[in-house]
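We count residues from 1, following the sequence as given. Start at 1 and go down the list; that is how both ligands and their atoms are numbered.
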Amino acid sequence: MEKLDILSMSLSELETALLSMGEKKFRAKQIFEWLHIKRVFDFSLMTNISSALREKLDEKFEILQLKIVKKLCSQIDGTIKYLYELSDGNHIECVLMDYHHGDSICISTQVGCKMGCKFCASTIAGFKRNLTPSEMLLQIYTAEKDSGRKISSIVMMGIGEPLDNYDNVIKFLGLVSSPDGNNMSLRHLSLSTCGLVNRINELSEHKFGLTLSISLHAANNKQRSEIMPVNDRYPIEELIAACKKYIEKTGRRISFEYALINGVNDDRETANELISLLRGMNCHVNIIPVNKIKERNFKTDTSSVRRFQHYLEEGGLNATVRRTLGSDINAACGQLRREYEI
Ligand code: SAH
């Protein structure tokens, strides 16, 4: 019989499982605490549980773990990039960043990606599989254990499209914020999507406190379809309409990511289009200098960054420029995994 992935189970699922084993319900909470608060990943060390039950647990459940196969530490700003090996031999990345208000981690949600964005390293070799909730959580738990640092915010902006792994991501959000476990407020979490409109609509029903980031990167359909194939399925008008509905339902401000690409989307006219597209929305634009990837020729003209920000601000939009961290260790997503797998 295949063992159950216990780190992907919610407390109530664990309670049901324990009851069906003829055990008391409160045992589930004890085990949940060992896993998600004490971070003990070995049943034999769970000392408030009888040795007979510990053996039964070992037969029924497995506690997955991630192996750190590479760790790059930035000499400039304390950023750490981990390359993890999953139990099936696949690899994923996550990045730990030191911000003024505490440490933040950027996690992956899939092995590879199907979305095909032209500027992104994560999608070049295609898609392998979805990550389980436990594999998302373990990126955080493993980085905290290894670095000794406490993570106070999470961004889901690593490899993969979170809303293309919808059910597991929703489960992960429940686990990471569980008051009986890791207990992180979803106000400290950002989820970034290339714009799967149907899933944005579904997500709005949960009314999570998280920040939704939309990878917009263009101001019209022609421009966007050239760099993001997902735009053919969900064009800009539908995406913006879904964002407006999301804001209305959740009361949360949306963040639009905008990678500024030299000669593609950094001119005055595009800025004006972006202003008319977003004006009046409760939103914020985050301008991103493009991370160069060796397979592609996209770059940002550094002199255009402040200029573009100024255009947007003049037009009444709230715009910031993303700080570049870990530039000496190729901290942008997808790059390390690719180097390792080639
Ligand atoms: N699939 C999700 C999350 C992963 S990508 C999404 O599309 O949002 C995380 C962010 O990094 C996205 O905004 C993505 O467009 C951006 N990104 C990817 N490659 C980049 C690159 N080479 N330079 C700058 N930003 C990049």
Residue pairs involving residues 41-58 (criterion salt bridge (charged side-chain N to carboxylate O under 4.0 Å, His left out); sequence neighbours excluded) = Glu23-Lys56
For the pair Glu248 and Lys245, find out whether any cationic side-chain nitrogen is under 4.0 Å from an anionic carboxylate oxygen.
-> no
Step by step, work out the side chain to side chain donor-acceptor pair (under 3.5 Å) result for Asn286 and Thr320.
-> CA-CA 5 Å; Asn286 195 17; Thr320 48; 3.3 Å; yes
Sub-3.5 Å N/O-N/O distance, Asn291 and ligand 1 = yes
Which one of Glu257, Lys292, Met157, His217 has a non-hydrogen atom at the shortest distance from atom 16 (C) of ligand 1?
-> His217
Under the salt bridge (charged side-chain N to carboxylate O under 4.0 Å, His left out) rule, what pairs show up with a residue in residues 205-229, not counting sequence neighbours?
-> Glu205-Lys249, Lys222-Glu226
May I ask which of Cys117, Gly160, Cys120 has a heavy atom nearer to atom 3 (C) of ligand 1 than the others do?
-> Gly160
Please determine if Phe119 has a nitrogen or oxygen closer than 3.5 Å to a nitrogen or oxygen of ligand 1.
-> yes
Numbered atoms of ligand 1 (with element) below 4.0 Å of Cys194, judged on heavy atoms | 6 (C), 7 (O), 8 (O)
Stacked cation flag Arg252 on Tyr246, 6.0 angstrom / 45 deg = no
Indicate yes or no: does Arg129 engage Glu135 in a salt bridge with an N to O separation below 4.0 Å.
-> yes
Are any of the heavy atoms in Gly158 under 4.0 Å away from ligand 1?
-> yes
Using a heavy-atom cut-off of under 4.0 Å, does the side chain or the backbone of Thr193 touch ligand 1, or both, or neither?
-> backbone
